[in-house]
Amino acid sequence: MRALVVGSGFVGRALARRMAGPGCEAVLASRTPPSPHGDAAAPDWLRLDITQDGSFGHALEETQADTVVLVHGPSDVTWCEQHPGEAMHGHAEAARQVLRAAGDRRVVFISTDNVFDAKTGAPDEFVPPRPANAYGRAKLAAERILAGLPAVSLLRVSLIYGWEPADSPKWLNFFAACVHRLRAGEQVTAPVDQWTTPVLLDDVVEVTTALARAQAPPRLLHLGGPDRISRAEWAVLIAAQLGITPDLVVAEPRANGRYADRPASTCLSSALLATHRATAGLAPRPVLEGSRFLLDRHLSTTPRSSV
């Protein structure tokens, strides 16, 4: 398998590292070079503006890729709400370029829980999408374009978390931001009324890789963690695991901060993950287990509580 991973951020880099194993080559492609922060081995990289006409086709020719994983486009929900036209272009035009050039290659598109509003609880694959913000509308537009491909899997993922160094050049995922701020003795302000079903990055990578390699993967799949938890609750859990007073966590209404443009609930459930042949046996870890896994790997000398 030769995989082209479009998007060199937090998720794209992890996917390229995982897919570049025995019998498989993987190349990252993006407009700017991937940050080396935290990467033990940097994957091969190709400069690509996927929204530029013809550029994706040239990338396929250069890499001879038979598999494509799409993790491209602006993902900061607040930024997308402020720049809806650019957000739509970044996702939908990229999808059009892929539709024109991908042919019968296997394509996995990483989509989002934001294609739903908060009125559907934890929707599974059979609930019609109804986005409530510009990011969700842009992702849904890309989904609908890519649905025209013969070998596509649309993977909607809930909040992804994992380890990132404190000095990473871009904004950190919620888990990493909490850990670094709490360890520095700084307050963490988090909404008490915005619920998610967080998914560990390692689990996202395993499911995505399984879809890319499967003979007959589902065309649509949801990936949400087993826990429904508010960001404020999660921050308190992280503080407890670090052995740090939860008084540093300041709970606030969602409307008061950077999460105002997100639905009150961005939870996902799946009717297919545990039963489909492509992903049976792959279960996302609870946030307590996932958090412990990351802290043991990266902060093994840090004393923590037994919570």
For a side-chain contact (heavy atoms from CB on, under 4.5 Å) with Leu268, tell me which candidate from Val157, Leu223, Asp113, Val115 qualifies.
Asp113
Arg18 and Asp202 ion-paired at < 4.0 Å
no
One thing to verify: whether Arg96 and Glu93 come together as a salt bridge, which I'm taking to mean a side-chain N less than 4.0 angstrom from a carboxylate O.
yes
Test: side chain to side chain donor-acceptor pair (under 3.5 Å). Region: residues 124-141. Which pairs qualify, not counting sequence neighbours?
Asn114-Asn133, Asp117-Arg130, Glu125-Ser270
Side chain to side chain donor-acceptor pair (under 3.5 Å) partners of residues 218-229, not counting sequence neighbours, each pair once
Arg156-His222
Between [X] and [Y] (side chain of the first, backbone of the second, donor and acceptor by atom type, cut-off under 3.5 Å), is there such a pair?
{"X": "Ser168", "Y": "Glu164", "result": "no"}
{"X": "His91", "Y": "Pro74", "result": "yes"}
{"X": "Arg13", "Y": "Leu28", "result": "no"}
{"X": "Ser230", "Y": "Asp193", "result": "no"}
{"X": "Ser55", "Y": "Gln52", "result": "yes"}
{"X": "Ser158", "Y": "Thr197", "result": "yes"}
{"X": "Glu25", "Y": "Ala20", "result": "no"}

Could you list the residues that satisfy ring-ring contact (aromatic ring centres under 6.0 Å, His included) with [X], not counting sequence neighbours?
{"X": "Trp195", "result": "none"}
{"X": "His83", "result": "Trp79"}
{"X": "His89", "result": "none"}
{"X": "Tyr259", "result": "none"}

Applied to residues 142-171, the ring pair (Phe, Tyr, Trp, His ring centres under 6.0 Å) test, sequence neighbours excluded, yields Tyr161-Phe175, Tyr161-Trp234, Trp163-His180, Trp163-His298
Which atom pair, heavy atoms only, marks the closest approach of [X] to [Y]?
{"X": "Gly148", "Y": "Leu99", "result": "C-CD1, 3.9 Å"}
{"X": "Ala134", "Y": "Glu81", "result": "N-OE1, 2.9 Å"}
{"X": "Ala264", "Y": "Ala118", "result": "N-CB, 3.7 Å"}

side-chain contact (heavy atoms from CB on, under 4.5 Å) against Glu186, all qualifying residues, sequence neighbours excluded:
Arg181, Ala184
Is there side-chain contact between [X] and [Y], with at least one heavy-atom pair below 4.5 Å?
{"X": "Pro263", "Y": "Phe116", "answer": "no"}
{"X": "Gln241", "Y": "Leu295", "answer": "yes"}
{"X": "Met88", "Y": "Cys80", "answer": "no"}
{"X": "Val69", "Y": "Val6", "answer": "no"}
{"X": "Leu273", "Y": "Pro284", "answer": "yes"}
{"X": "Leu272", "Y": "Thr279", "answer": "no"}

Please, which pairs that meet salt bridge (Lys or Arg N to Asp or Glu O under 4.0 Å) have at least one residue in residues 230-249, sequence neighbours excluded?
none
Of all pairs that satisfy salt bridge (Lys or Arg N to Asp or Glu O under 4.0 Å), the ones with a partner from residues 250-263, not counting sequence neighbours
Asp76-Arg258
Can you tell me if Arg144 has over 12 outside heavy atoms packed within less than 6.0 Å of its CZ?
no
Evaluate the criterion side chain to side chain contact (heavy atoms under 4.5 Å, CB included) for residue pair Asp203 and Leu282; output intermediate values, then yes/no.
CA-CA 8 Å; Asp203 296 336; Leu282 298 178; over 6 Å; no
Tell me whether [Y] is reachable from [X] by hopping between hydrophobic residues (I, L, V, M, F, W, Y) whose side-chain heavy atoms are closer than 4.5 Å.
{"X": "Phe56", "Y": "Leu154", "value": "yes"}
{"X": "Met1", "Y": "Val207", "value": "yes"}
{"X": "Val71", "Y": "Val27", "value": "no"}
{"X": "Val188", "Y": "Leu242", "value": "yes"}

Criterion side chain to side chain contact (heavy atoms under 4.5 Å, CB included) on Ile110 and Leu70, from CA distance to verdict
CA-CA 6 Å; Ile110 308 295; Leu70 300 171; over 6 Å; no
Gln64 meets the side-chain hydrogen bond (donor to acceptor under 3.5 Å, both in side chains) criterion, sequence neighbours left out, with none
Identify, with sequence neighbours excluded, every residue that meets side-chain hydrogen bond (donor to acceptor under 3.5 Å, both in side chains) alongside Thr196.
none
Looking just at side-chain N and O atoms, do Gln194 and Thr266 make a donor-acceptor pair shorter than 3.5 Å?
yes
Measuring from Ile244:CD1 to Leu182:CG, what's the distance to the nearest 0.5 Å?
5.0 Å
Working note: Leu4 + Leu60, criterion side chain to side chain contact (heavy atoms under 4.5 Å, CB included); need CA distance, chi angles, decisive distance, verdict.
CA-CA 8 Å; Leu4 178 63; Leu60 290 176; 4.0 Å; yes
Give the C-alpha distance, both sets of side-chain angles, the deciding distance and a yes or no for side chain to side chain contact (heavy atoms under 4.5 Å, CB included) between Ser111 and Leu155.
CA-CA 6 Å; Ser111 191; Leu155 178 61; over 6 Å; no
